[in-house]
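Everything numeric here is computed off the predicted structure, so don't read it as measured data.
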Amino acid sequence: MSERLTKDKIIQAVLDTTFYQSVGATSLTDIANALHIKKASLYNHFDNREDLLSQTTASCSEYIDSISFIPQDVQGVAKKYSPETVLKGMVNRYFKMHEKNPLFQIYTYLQSTKYFDPEAAKIVKRWNEKMIEDTEKVLEALSAEKKLVLSASSGFSAATWFCNGVNQLLEIHLLEKKKIVIQNPASGEGELFSLPTDDSALEHIGKFVDHFVSSIK
């Protein structure tokens, strides 16, 4: 097993292990046990626990930088659909991406480390800024189609308000999902694929989007 051990496998084991317990409570022994190896084998790839967590954080950053939460053809989508449809579609995609691994585990890992790891805090901040920037593009495209009323200076404020609300709903949603996953460990990899859809979450999202759009139409 140790001959086939790679940094990526170890980092995945960190995400797997810290999903079920806090990062602070996770030891190298816990990670080694998850991989069914001796703890000493980890030192062939990482200097120490701090190095392992640092590289895990860097891996999370790379993954987040590689994904997008908005449609590629923003102008085309804004022209074809109503503001409610566009924003609900965007938020539904945002939620569904977070429900699945690796983003579900990455979200959990970064949220639990951001208060004592400056790099994790920077990633979360950049992540939120990117979401606001992308949402502002969507709102501007809808405004250009005369489907929303936005002044030249109000797009950023509206996008910030919208994203703050979405992220609050996401946090509540994923906390509940995590409880379900922990209570159903037998569901295994891709845990949430086998769990029932949370219709109440979709209902909350829909109401939030409708309220937001009505305030800027």
Side-chain angles (χ1 to χ4, degrees), residues 8 11-12 14-20 23 56-74 76-78 80-81 83-114 120-139 141-142 159-182 184 187-210 212-213:
D8 287 343
I11 288 173
Q12 183 57 55
V14 174
L15 294 176
D16 291 340
T17 306
T18 57
F19 182 85
Y20 292 96
V23 175
T56 298
T57 300
S59 176
C60 292
S61 178
E62 289 177 7
Y63 183 83
I64 288 172
D65 288 342
S66 71
I67 59 179
S68 175
F69 301 116
I70 64 172
Q72 291 185 341
D73 182 15
V74 174
V77 170
K80 186 174 182 180
Y81 299 104
E84 292 86 351
T85 299
V86 173
L87 293 174
K88 285 177 185 178
M90 187 176 81
V91 177
N92 284 340
R93 181 169 185 263
Y94 186 65
F95 271 54
K96 289 184 183 303
M97 289 177 72
H98 278 82
E99 286 183 346
K100 299 174 184 177
N101 292 333
L103 195 53
F104 193 17
Q105 291 177 325
I106 288 173
Y107 176 91
T108 301
Y109 176 84
L110 291 175
Q111 292 298 323
S112 65
T113 58
K114 67 181 181 181
K122 287 179 185 177
I123 294 168
V124 173
K125 183 174 182 289
R126 188 172 75 245
W127 192 351
N128 290 335
E129 289 173 344
K130 182 176 184 292
M131 184 185 177
I132 292 171
E133 180 181 332
D134 287 348
T135 300
E136 187 177 6
K137 292 177 183 176
V138 173
L139 296 180
L142 289 166
T160 300
W161 177 55
F162 181 78
C163 293
N164 286 342
V166 169
N167 281 325
Q168 287 178 10
L169 290 172
L170 178 69
E171 182 178 3
I172 295 169
H173 178 62
L174 291 185
L175 281 174
E176 291 302 313
K177 285 292 187 182
K178 185 175 179 181
K179 289 179 186 177
I180 295 172
V181 172
I182 290 174
N184 296 271
S187 56
E189 178 63 25
E191 304 94 345
L192 297 177
F193 291 120
S194 60
L195 298 174
T197 301
D198 185 357
D199 292 331
S200 64
L202 298 179
E203 183 178 347
H204 286 309
I205 293 169
K207 288 181 178 178
F208 173 76
V209 171
D210 288 340
F212 173 78
V213 171

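The nearest pair of heavy atoms linking V209 to E84 is CG1-O, 4.0 Å. Contact record, F212 with W161: CD1-CZ3, 2.8 Å, taken as the closest heavy-atom pair. The two residues I205 and L169 have their closest heavy-atom pair at CA-CD1, 4.4 Å. The two residues F162 and M90 have their closest heavy-atom pair at CE2-CE, 3.8 Å. Across all their heavy atoms, A159 and E136 have their closest contact at CB-N, 3.7 Å. Shown here for V181 and F19, the closest heavy-atom pair between the two residues is CG1-CE2, 3.8 Å.
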C60 and L15: CA distance, side-chain angles, deciding distance, side-chain contact (heavy atoms from CB on, under 4.5 Å) verdict: CA-CA 10 Å; C60 292; L15 294 176; 4.1 Å; yes
Side chain to side chain donor-acceptor pair (under 3.5 Å) between D8 and Q12, intermediate numbers included: CA-CA 6 Å; D8 287 343; Q12 183 57 55; over 6 Å; no
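By the 4.5 Å heavy-atom criterion applied to side chains, T113 and T18 are not counted as neighbours. In this structure, V77 and V74 have side chains that are not in contact, with every pair of non-hydrogen atoms separated by 4.5 Å or more. Proximity of K178 to I182: side-chain heavy atoms (C-beta onward) are separated by under 4.5 Å at one or more points. Within the 4.5 Å cutoff, side-chain heavy atoms of M131 are placed close to those of V166. D65 is listed as a side-chain neighbour of R126, based on a closest heavy-atom distance under 4.5 Å. The side-chain heavy atoms of N164 and N128, taken from C-beta on, include no pair separated by under 4.5 Å. Contact check for V91 versus F208: no side-chain heavy atoms found under the 4.5 Å cut-off.
Taken from NZ in K114 to CD1 in I123, the straight-line distance is 12.0 Å, to the nearest 0.5 Å. Taken from CG in D16 to CD1 in I11, the straight-line distance is 12.0 Å, to the nearest 0.5 Å. Atoms CD and CG, on Q105 and L110 in that order, are 11.5 Å from each other to the nearest 0.5 Å. Between K137 atom NZ and L142 atom CG the span is 14.5 Å, to the nearest 0.5 Å. Note that NZ of K130 is 11.0 Å distant from SG of C163, once rounded to the nearest 0.5 Å. Considering CD1 of I180 and CG of L175, their distance stands at 11.5 Å, rounded to 0.5 Å.
No donor-acceptor contact under 3.5 angstrom links the side chains of N167 and E171, judged on distance only.
Aromatic rings of Y94 and H98 (six-membered ring for Trp) have centroids within the 6.0 Å cut-off, being under it.
Take Y81 and apply the ring-ring contact (aromatic ring centres under 6.0 Å, His included) test, not counting sequence neighbours, and it matches no residue. In terms of the salt bridge (Lys or Arg N to Asp or Glu O under 4.0 Å) criterion, D73 has no residue partners (sequence neighbours excluded).
For the pair E99 and K96, the salt-bridge criterion is not met [side-chain N within less than 4.0 Å of a carboxylate O].
At distances below 3.5 Å, at least one donor-acceptor pair connects side-chain atoms of S112 with backbone N or O atoms of Y109.
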